[in-house]
Protein chains: 2
Amino acid sequence: MADRRALDALDVALLTALREHRRAGDLELSRITGVARATVTARLERLEAAGVVTGYGPDVDVSAAGFGVQAFVTLEIAQGAIDAVTRDLEAIPGVLEAHATTGVGDVLCRVAARSHEALQQTLVDLNRSSAVVRSTSVVALSEIVPWRTLPLLETAAAPSAGRSAMRRAGAPVTPDR
Amino acid sequence: MADRRALDALDVALLTALREHRRAGDLELSRITGVARATVTARLERLEAAGVVTGYGPDVDVSAAGFGVQAFVTLEIAQGAIDAVTRDLEAIPGVLEAHATTGVGDVLCRVAARSHEALQQTLVDLNRSSAVVRSTSVVALSEIVPWRTLPLLETAAAPSAGRSAMRRAGAPVTPDR
DNA sequence: CGGCCGACTGTGCATCCTGCGCAGCTTCTG
DNA sequence: CAGAAGCTGCGCAGGATGCACAGTCGGCCG
């Protein structure tokens, strides 16, 4: 549920501005994007309601936090044991995320650990799950392309959904009060 | 650089509180965690300076934004062509992230697309890179364990690094002002 | 074609937070 | 033992937030 129409240019502009000026408030955003403060508030609320914006996390760099080793593990699991595996994975703190994928009931998960030894231990924990038949893992050496979503969203941005929004994008706007 | 000592309980508490009360300010956080406002400010600044906190979202659900198809692609690339591949990958909006991994000069990347057809197209774009020798991909069916980092950080949280921090965690604290 | 409705704009306020500085303690370190 | 570092409490001024509302503009529908 919730994926309706694509975002428009204003939405993406807001998202971008929000990403750059980390702690910008509505007023600040309205200045940056050149729309009224109330509009900013409304758009953000809509984005959150639509589930597009799921939070404002702090983004944590696990590597900087002392967990410099990351690996991607492919699990081959027993038929219909997804639920069991899910539970087991959730119980292991080292598992950062996991996805069910196409293939022979495969699961791809990402784990982090403090060191190679700790990683080894985590992998052992993974295999302890009775539903896991086999596992193969590759260690991440470096981050080639850091996580990003804006480039993709930009490709989907309709010129301007709102009727008058951003019409005079370049013109000096007299903001609120 | 930057990965020094592990976080302490207060740091994790702050991170957790920030994650839940999305738009909480310093004052709000100080109430939640029971420390002085100035302390909250200082800790967060330190976390950012240490590179542990790299930003404050917004966290975008690409699926909700209309890109419901995600896949993990393993690329086998030509010797020493990492740089070239990096550039090519960055140029493709559909690439959400990419890591160099152990193996025969492999790269694991994650791509998102609006539909299976669009994904196909993105994969074609990937293979267009002259440095890519071969690629295999698995489609993500569902998110078993959604992205998380706090469970891991909690395992590393020293009881309380700051000398007096959180000493009377339960006691009613008279906050700022 | 005219009217309705949703989206955006500008204001106006009262309230509350933020950013900054500072003095006083307490604990850890050299 | 002295200095450094980390927290606590406070105060203040500028400024943001939350909320409300009237007025427009452009699109959709009968």
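All values below were derived from every heavy atom in this structure, side-chain atoms included, with hydrogens, water molecules and symmetry-related copies excluded. Note on naming: letters A, B, ... go to the chains in the order of the sequence lines (proteins, then strands), and numbering restarts at 1 for each one.
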Determine all donor-acceptor pairs shorter than 3.5 Å in which one atom belongs to a side chain in residues 72-84 of chain B; sequence neighbours excluded.
{"residue": "Glu76(B)", "atom": "OE1", "partner": "Arg134(B)", "partner atom": "NH2", "Å": "3.2"}

Below 3.5 Å between N/O atoms, which protein atoms pair up with nucleotides 13-17 of chain D? Just atom names and distances, please.
{"residue": "dA16(D)", "atom": "OP1", "partner": "Arg31(A)", "partner atom": "NH2", "Å": "3.2"}
{"residue": "dT17(D)", "atom": "OP1", "partner": "Asp26(A)", "partner atom": "N", "Å": "2.8"}
{"residue": "dT17(D)", "atom": "OP2", "partner": "Leu27(A)", "partner atom": "N", "Å": "3.0"}

> Can you check salt bridge (charged side-chain N to carboxylate O under 4.0 Å, His left out) on Arg87(B) and Glu90(B), steps first, answer last?
Replying inline: CA-CA 5 Å; Arg87(B) 256 179 284 111; Glu90(B) 281 174 345; over 6 Å; no
>> Just verifying a value: how many Å separate Glu20(A) CD and Leu15(A) CG, rounded to the nearest 0.5 Å?
In response: 11.0 Å
Only distances under 3.5 Å count here; give the side-chain donor-acceptor pairs of residues 55-62 of chain A to other protein atoms, sequence neighbours excluded, each with its distance to 0.1 Å.
{"residue": "Tyr56(A)", "atom": "OH", "partner": "Glu48(A)", "partner atom": "OE2", "Å": "2.8"}
{"residue": "Asp59(A)", "atom": "OD2", "partner": "Arg19(A)", "partner atom": "NH2", "Å": "3.2"}
{"residue": "Asp59(A)", "atom": "OD2", "partner": "Gly57(B)", "partner atom": "N", "Å": "3.2"}
{"residue": "Asp61(A)", "atom": "OD1", "partner": "Ser63(A)", "partner atom": "N", "Å": "2.8"}
{"residue": "Asp61(A)", "atom": "OD1", "partner": "Ala64(A)", "partner atom": "N", "Å": "3.0"}

> How many Å lie between CG on Leu29(B) and C1' on dT18(C), as a whole number?
Replying inline: 13 Å
>> Nearest to the side chain of Arg43(A), heavy atoms from C-beta on, is which of dG9(D), dG10(C), dC8(C)?
In response: dC8(C)
> Atom CG of Leu44(B) and atom P of dC17(C): how far apart are they, to the nearest Å?
Replying inline: 17 Å
>> Assigning hydrophobic clusters by single linkage (Ile, Leu, Val, Met, Phe, Trp, Tyr; side-chain heavy-atom cutoff under 4.5 Å), is Val52(B) placed with Val35(B)?
In response: yes
> Between atom CG in Leu10(A) and atom C1' in dC8(C), what is the gap in whole Å?
Replying inline: 10 Å
> Do Asn127(B) and Ser135(B) have a side chain donor and acceptor closer than 3.5 Å?
Replying inline: yes
